[in-house]
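Here the structure comes first, spelled out in structure tokens, and everything after it is commentary.
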Amino acid sequence: MKVPQTELIKTHRLEIGTFHIYPRHVIGILDEGVDINLENFHQLIALAEMHFEFKKFSYISFRTNSYSLDPTLYGYLEHLENLKGIAIVSHRERDHHSYKVEKYFCKKRMKIFRDLNHAVTWANSIID
């Protein structure tokens, strides 16, 4: 699956991955083997605040690579009132199992998909 180019505003390349900014959502593709910690998690929050300071948005985690994430970091998203939900896109069963754990720690709406197009549709629908 390819990241859609329609309505793409900007692409940011950070140390941990690539983030595609759209009018109502972000698609993040983290690099293979990355360990998401508090420092780089704050970089993601800063990126979201820069582009969506006064606008509602959704985040789509396009999991094409394996990486580690401490699910307790989701607690830091509570102050991002304009973040309305998180979609996870993956074909790996391990990610579908991890989703159940992540969802427990995340107070935002969260859903997992096997198809990026369905995730984008859902992510945009929860903004309305």
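All values below come from the heavy atoms of this structure, side chains included, with hydrogens, waters and symmetry mates left out.
Other residues, nucleotides and ligands contribute only 12 or fewer heavy atoms inside 6.0 Å of the NE2 atom of H97. Annotation for K100: atom NZ does not count as buried by contact number, only 12 or fewer foreign heavy atoms lying within 6.0 Å. Other residues, nucleotides and ligands contribute more than 12 heavy atoms inside 6.0 Å of the CD atom of E32. When the shell of 6.0 Å around NE2 of H96 is examined, it contains more than 12 heavy atoms from other residues, nucleotides or ligands.
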> Do H20 and H12 pass the ring pair (Phe, Tyr, Trp, His ring centres under 6.0 Å) test, and can you show the C-alpha distance, the side-chain angles, and the key distance before you say yes or no?
Replying inline: CA-CA 6 Å; H20 305 280; H12 291 272; 9.8 Å; no
> How far apart are the C-alpha atoms of I21 and T11, what are their side-chain angles, what is the distance that settles it, and do they pass the side-chain contact (heavy atoms from CB on, under 4.5 Å) test?
Replying inline: CA-CA 6 Å; I21 310 298; T11 297; over 6 Å; no
> What's the verdict on side-chain contact (heavy atoms from CB on, under 4.5 Å) for V89 and I27, showing C-alpha distance, side-chain angles and the deciding distance?
Replying inline: CA-CA 10 Å; V89 180; I27 298 176; over 6 Å; no
>> Could you go through E78 and Y74, starting from their C-alpha distance and side-chain angles, then the distance that decides it, and tell me whether this counts as side-chain contact (heavy atoms from CB on, under 4.5 Å)?
In response: CA-CA 8 Å; E78 289 183 34; Y74 282 115; over 6 Å; no
>> The test is side-chain contact (heavy atoms from CB on, under 4.5 Å); show your working for S58 and I126 and say whether it passes.
In response: CA-CA 8 Å; S58 299; I126 64 172; 3.6 Å; yes
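What you find for S90 and R92 is that their closest heavy atoms are OG-N, 3.1 Å. Taking all atoms of both residues into account, the shortest heavy-atom contact from F19 to L47 is CB-CD2, 3.7 Å. Taking each heavy atom of L73 and I36 in turn, the nearest pair found is CD1-O, 3.6 Å. P71 approaches F105 most closely through the heavy-atom pair O-CB, 3.2 Å. Taking both residues in full, the closest heavy atoms of F52 and K56 are given as CD2-O, 4.4 Å, listed atom of the first, atom of the second, then distance. Closest non-hydrogen pair, I45 versus Y76, comes out as CD1-O, 3.9 Å.
One finds the CG atom of D31 at 6.5 Å from the CG atom of N65 (value rounded to the nearest 0.5 Å). In this structure, Y99 OH and I86 CD1 are separated by 10.5 Å, a value rounded to the nearest 0.5 Å. Atom NZ of residue K108 and atom NZ of residue K84 lie 6.0 Å apart, to the nearest 0.5 angstrom. Summarising the geometry, atom NE2 belonging to H25 is positioned 9.5 Å from atom OG1 belonging to T121; distances are rounded to the nearest 0.5 Å. The CD atom of E93 sits 11.0 Å away from the OG atom of S98 when rounded to the nearest 0.5 Å. The CG atom of D95 lies 7.5 Å from the CD1 atom of I88; values are rounded to the nearest 0.5 Å.
Looking at D115, its side chain does come within 3.5 Å of a backbone N or O of H118 through a donor-acceptor pair.
Of the charged side-chain nitrogens involved, none lies within less than 4.0 Å of a carboxylate oxygen, so that K111 and E102 do not count as a salt-bridged pair.
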